[in-house]
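The structure appears right after this line, and notes come after that.
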Amino acid sequence: QVQLVESGGGLVQAGGSLRLSCAASGRTFNSYKIGWFRQAPGKEREFVSAIRWHTGNTLYADSVKGRFTISRDNAKNTVYLQMVSLKPEDTAVYYCAASPNFLLSRSSDRYDSWGQGTQVTVSS
């Protein structure tokens with residue numbers, strides 16, 4: 001059974017940085033994709049970024065392109081989301097998600113396993 005545990009959220013001022021971590025266990029993830037999604041209060045969950053574990057290919061939402069970087073550490077079975085130049089509109093609960101289908105996707109329906117989320121709050 002896949003388990004995903006996010007960490008690294010917190011309160012930061014606008015323009016600041018945070019690095020989120022998603023520790024994955026329960027499988028060999030070489031054929032997986034891992035995605036980051038976020039959900040702000042009163043809004044639908046939205047795609048942020050995804051990475052194909054084996055190749056490192058990445059996908060980003062337009063709203064975060066150039067500010068967020070997704071990466072993975074094979075030895076630690078961990079995916080990171082480095083976030084810089086944070087804006088108040090980045091405030092949300094951030095979730096990581098996994099799927100054994102390696103094709104990158106922006107749709108939450110294409111992911112099978114989810115973490116519990118970590119809160120990111122950006123103050124103005």
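What's counted below: heavy atoms across the whole structure, side chains too, no hydrogens, waters or symmetry copies. One is the number of the first residue; the rest follow in order along the sequence. No experiment lies behind these values; they were computed from the predicted model shown.
Ring orientation note: the planes of Trp114 and Phe37 are tilted relative to one another, at an angle of 30° to 60°.
Judged purely by atom type and a 3.5 angstrom limit, Lys33 has no side-chain atom pairing as donor or acceptor with the backbone of Leu104. The main-chain N or O of Asn101 is found under 3.5 Å from a side-chain atom of Ser99 such that the two form a donor-acceptor pair.
In plain terms, the two heavy atoms of Ala92 and Ala40 that are nearest each other are CB-N, 3.8 Å. Taking all atoms of both residues into account, the shortest heavy-atom contact from Ser105 to Arg110 is OG-CG, 3.1 Å. For Tyr94 against Leu81, the heavy-atom pair with the smallest separation is CD2-CD2, 4.2 Å. Closest non-hydrogen pair, Cys22 versus Trp36, comes out as CB-CZ2, 3.6 Å.
Lys87 has no carboxylate O lying under 4.0 Å from a charged side-chain N of Asp90, or vice versa, which leaves the two without a salt bridge.
Ser31 OG to Arg52 CZ: the interatomic distance, rounded to the nearest 0.5 Å, is 9.0 Å. Atom NZ of Lys65 is separated from atom CZ of Arg67 by 12.5 Å, given to the nearest 0.5 angstrom. Atom CD of Gln119 sits about 12.0 Å away from atom CZ of Arg38, to the nearest 0.5 Å. Atoms OG and CZ, on Ser107 and Arg45 in that order, are 11.5 Å from each other to the nearest 0.5 Å. Between atom OG1 of residue Thr58 and atom CZ of residue Phe68 there is a gap of 14.0 Å, rounded to the nearest 0.5 Å. Atoms OG and CE, on Ser17 and Met83 in that order, are 8.5 Å from each other to the nearest 0.5 Å.
Aromatic ring centroids of Phe47 and Tyr60 lie 6.0 Å or more apart.
When the side chains of ILVMFWY residues are joined at heavy-atom separations under 4.5 Å, either directly or via intervening members, Ile34 and Tyr111 end up in two distinct hydrophobic clusters. Hydrophobic clustering (ILVMFWY, side-chain heavy atoms < 4.5 Å, transitive): Val2 and Val79 are in one cluster. Following chains of ILVMFWY side-chain contacts shorter than 4.5 Å, one cannot reach Leu18 starting from Tyr95, and the two form parts of different hydrophobic clusters.
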Original post:
Is there a side-chain contact (heavy atoms from CB on, under 4.5 Å) between Asn74 and Phe29 once you walk through the steps?
Top reply: CA-CA 9 Å; Asn74 290 334; Phe29 291 95; over 6 Å; no
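Cation-pi contact between Arg27 and Tyr32: absent, since separation from the ring centre below 6.0 Å together with deviation from the ring axis within 45° is not met.
Side-chain contact between Val120 and Leu20 is present, with heavy atoms from C-beta onward closer than 4.5 Å. Between Asp112 and Pro100, the closest side-chain pair of non-hydrogen atoms falls below 4.5 Å.
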Considering only distance and modelled atom types, tabulate donor-acceptor pairs under 3.5 Å from the side chains of residues 3-12, sequence neighbours left out.
unit_1, atom_1, unit_2, atom_2, d
Glu6, OE1, Gln116, N, 3.0
Glu6, OE1, Gly117, N, 2.9
Glu6, OE2, Cys96, N, 2.8
Glu6, OE2, Gly117, N, 3.3

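A donor-acceptor pair shorter than 3.5 Å cannot be found between the side chains of Tyr80 and Arg19.
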